[in-house]
Amino acid sequence: MAQLFTPAATTLFRVMIVLTGLGVVAAGAAAYVWARSGSTWNVGKPASQPVPFRHDLHSGSLGIDCRYCHPTVERAADAGMPSAQTCMSCHSQVWIGASVLEPIRSSFLLGQPIEWTSVHRLPDYAYFNHAVHVTKGVACETCHGRVDQMPKTVKTQTMSMGWCLDCHRDPTPHLRPREAVFSMGYEPHGKDLPDDVRVFYQEASRRLVSCSTCHR
Ligand code: HEC
Ligand code: HEC
Ligand code: HEC
Ligand code: HEC
Ligand code: HEC
């Protein structure tokens, strides 16, 4: 039978099939990289809040302890959010008439919670617990960054599964002494960890990366 296409045309056709295939793979890879990159996890993006609360002023300049406003962080899954009453312990005396504090005053008078917008929110199928981390020496700063310098609260880490697992494979370089978990600007010295802690995590890391630890 006579050839339908010249050899050159056949080669061109083959090349085009391969390139199309590669293009599909590359587009898929690009979409994946984009979907897992920082910007799509809202890293660095502030949320709009009912009151322009500032950590840099309250935690940084005034030095108020994190637990004053996030009272359950050492003993429960949730850190806890401040009630209007917590704010009014000071703001019934300072900045009394300020209009920015109006939502605080009205929720105080009506006894209603303030609706803060979440900055960090995992999907429901992922389980997280503050107490476990904080009591084992994982600091606020390690997961939330320099909150004490933030005029607006933002995420500094993706909070993706890959991020959780990076630490769970070997938490030791990130651990601090218990008394330093609320400190900011501290250099974790994982190197000085006692040997029994190191041995513990060689064993524990298998449990820490198993699916049912976070998907239960
Ligand atoms: C321990 C006392 C204290 C507590 C508790 C407190 N504040 Fe303040 N806050 C202050 C002081 C003092 C200032 C004024 C600082 C200044 O004028 O430099 C201030 C200022 C402010 C301002 C104005 C900031 C600005 O300069 O733009 C806002 C808004 C505010 N606080 C919101 C809150 C909210 C919301 C809460 C509760 C979650 C709260 N504060 C809890 C002491 C407190
Ligand atoms: C005076 C009260 C107060 C103190 C002290 C305080 N916070 Fe907060 N924090 C708030 C309020 C109000 C919000 C909600 C508004 C916002 O996101 O800025 C908040 C939000 C947060 C969030 C984001 C929560 C979310 O929705 O995902 C983190 C993380 C956080 N605080 C960490 C800290 C850390 C770490 C410290 C100690 C260094 C601290 N806070 C001290 C009042 C406080
Ligand atoms: C191992 C990482 C990690 C550490 C350490 C950590 N957090 Fe969080 N934090 C998270 C994650 C993840 C969320 C989102 C939780 C969710 O949606 O279930 C969160 C949410 C929050 C929230 C939002 C509301 C809530 O009740 O959970 C606050 C406030 C907060 N963290 C404060 C703190 C403070 C204060 C510390 C230090 C004492 C701290 N966190 C330590 C990872 C961490
Ligand atoms: C910087 C290190 C670090 C990061 C980041 C981190 N963890 Fe952990 N996680 C730990 C350590 C340390 C423990 C305590 C393990 C122990 O001593 O049993 C732990 C324990 C846990 C436990 C309890 C495990 C058990 O069986 O008792 C859960 C659940 C958990 N982490 C979920 C998460 C999730 C979800 C994320 C991400 C959103 C996360 N962790 C991010 C270090 C980390
Ligand atoms: C240390 C905690 C942790 C462990 C262990 C873990 N995951 Fe996750 N996983 C998360 C968190 C947090 C999310 C939500 C954030 C995200 O999508 O990355 C998630 C999301 C997922 C998703 C949805 C991903 C997407 O792109 O929407 C799947 C599927 C999943 N996990 C499967 C698994 C499987 C299978 C394992 C065991 C091999 C596992 N996970 C172990 C924390 C964990």
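Bear in mind the structure is a predicted one, so any value in this text is a computation, not a measurement. Both counts, for ligands and for their atoms, begin at 1 and track the order of listing.
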*Answer yes or no for Ala126: is there a heavy-atom contact with ligand 4 below 4.0 Å?*
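Per 4.0 Å heavy-atom rule, Ala126 does not contact ligand 4.
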
Please state which part of [X] comes within less than 4.0 Å of ligand 4, counting heavy atoms only: side chain, backbone, both or neither.
X: Tyr127; answer: both
X: Leu208; answer: side chain
X: His133; answer: side chain
X: Met161; answer: neither
X: Thr142; answer: side chain

Distance to 0.1 Å, residue and atom name: give those for the protein heavy atom nearest to [atom].
atom: atom 5 (C) of ligand 2; result: Asp65 O, 3.5 Å
atom: atom 32 (C) of ligand 1; result: Leu101 CD2, 3.6 Å
atom: atom 24 (C) of ligand 2; result: His120 ND1, 4.1 Å
atom: atom 19 (C) of ligand 1; result: His91 CE1, 3.3 Å
atom: atom 22 (C) of ligand 2; result: Thr153 CG2, 3.8 Å
atom: atom 38 (C) of ligand 2; result: Cys66 SG, 2.7 Å
atom: atom 4 (C) of ligand 1; result: Cys90 SG, 3.3 Å
atom: atom 1 (C) of ligand 2; result: Cys69 SG, 2.7 Å
atom: atom 14 (C) of ligand 2; result: Met81 CE, 3.3 Å

*In terms of the angle between their ring planes, are Phe53 and Trp116 parallel, tilted or perpendicular, with boundaries placed at 30° and 60°?*
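Answer is perpendicular, since the angle exceeds 60°.
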
*Number the atoms of ligand 2 from 1 as they appear, then name those within less than 4.0 Å of a heavy atom of Cys140, with their elements.*
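Here the atoms of ligand 2 in question are 35 (C).
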
*asked:* Under 4.0 Å from a heavy atom of Ser59: which atoms of ligand 2 are those, numbered in the order shown and with their elements?
replied: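 Listed by number with element: 6 (C), 39 (C), 41 (C).
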
*atom 8 (Fe) of ligand 2 - closest N/O/S atom in His70*: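 This residue's closest N, O or S atom turns out to be NE2.
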
*Measure from atom 8 (Fe) of ligand 2 to every N/O/S atom of His55 and report the name of the nearest one.*
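Looking only at N, O and S atoms of His55, the one nearest atom 8 (Fe) of ligand 2 is named NE2.
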
With nothing but distance in play, are any N or O atoms of [X] less than 3.5 Å from an N or O of ligand 4?
X: His168; result: yes
X: Lys136; result: yes
X: Ser160; result: no

*Metal site atom 8 (Fe) of ligand 4: N/O/S of Cys164 inside 2.8 Å*: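 So Cys164 does not bind atom 8 (Fe) of ligand 4 by this criterion.
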
*Heteroatom N/O/S of Cys167 within less than 2.8 Å of atom 8 (Fe) of ligand 4*: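 It does not: Cys167 brings no N, O or S atom closer than 2.8 Å to atom 8 (Fe) of ligand 4.
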
*Tell me, please: is Glu141 in heavy-atom contact with ligand 2, that is, under 4.0 Å?*
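No, Glu141 has no heavy atom closer than 4.0 Å to ligand 2.
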
Which of the atoms of ligand 4 are close to [X], meaning less than 4.0 Å from one of its heavy atoms?
X: Arg207; answer: 18 (O), 24 (C), 25 (C), 26 (O), 27 (O)
X: Val132; answer: 14 (C), 20 (C), 23 (C)
X: Arg216; answer: 29 (C)

_I want to check a possible cation-pi pair here: Arg176 against Tyr186, using under 6.0 Å from ring centre and within 45° of the ring axis as the test._
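No cation-pi geometry.
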
Do any nitrogen or oxygen atoms of [X] come within less than 3.5 Å of a nitrogen or oxygen of ligand 1?
X: Trp95; result: yes
X: Tyr68; result: no
X: Arg54; result: no

_Hydrophobic cluster identity match, Val147 and Val119, side-chain contacts under 4.5 Å_ =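 No.
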
*asked:* Using ring centroids (six-membered ring only for Trp), state whether His70 and His130 fall under 6.0 Å.
replied: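 No - the distance between ring centres of His130 and His70 does not fall below the 6.0 Å cut-off.
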
*Establish, yes or no, whether a centroid distance under 6.0 Å links the rings of His133 and Phe128.*
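Centroid separation for His133 and Phe128: below 6.0 Å.
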
*Just which atoms of ligand 1 are under 4.0 Å from any heavy atom in Thr86?*
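Every atom of ligand 1 under 4.0 Å from some heavy atom of Thr86: 5 (C).
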
*If you count the atoms of ligand 1 from 1 in the order shown, which ones are under 4.0 Å from a heavy atom of Leu62?*
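Near Leu62, meaning under 4.0 Å from one of its heavy atoms, ligand 1 has 10 (C), 11 (C), 12 (C), 42 (C).
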
_With a heavy-atom distance limit of 4.0 Å, tell me whether Trp116 approaches ligand 2 through its side chain, its backbone, both, or neither._
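The answer is the side chain.
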
*Is His58 close enough to atom 8 (Fe) of ligand 1 to have an N, O or S atom under 2.8 Å?*
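An N, O or S atom of His58 is closer than 2.8 Å to atom 8 (Fe) of ligand 1, so yes.
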
*Any idea which part of Cys87 is under 4.0 Å from ligand 1, heavy-atom wise: side chain, backbone, both or neither?*
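For Cys87, the contact with ligand 1 is made by both the backbone and the side chain.
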
*Between Val119 and ligand 2, does any nitrogen or oxygen pair lie at a separation below 3.5 Å?*
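Yes, at least one N or O pair falls under 3.5 Å.
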
*asked:* Below 3.5 Å, N or O to N or O, backbone or side chain included: is there any such pair between His144 and ligand 2?
replied: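 No, no N or O pair falls under 3.5 Å.
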
*Could you verify whether a donor N or O on one side chain and an acceptor N or O on the other, from Thr213 and Tyr127, lie under 3.5 Å apart?*
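Looking only at side-chain atoms, Tyr127 and Thr213 do not form any donor-acceptor pair under 3.5 Å.
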
*Kindly indicate whether the side chain of Val181, heavy atoms from C-beta on, has any atom under 4.5 Å from the side chain of Val138.*
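Side-chain contact under 4.5 Å: no.
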
*Going by heavy-atom distance to atom 29 (C) of ligand 1, choose the closest among Pro50, Pro52, Gly63.*
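That would be Pro52.
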
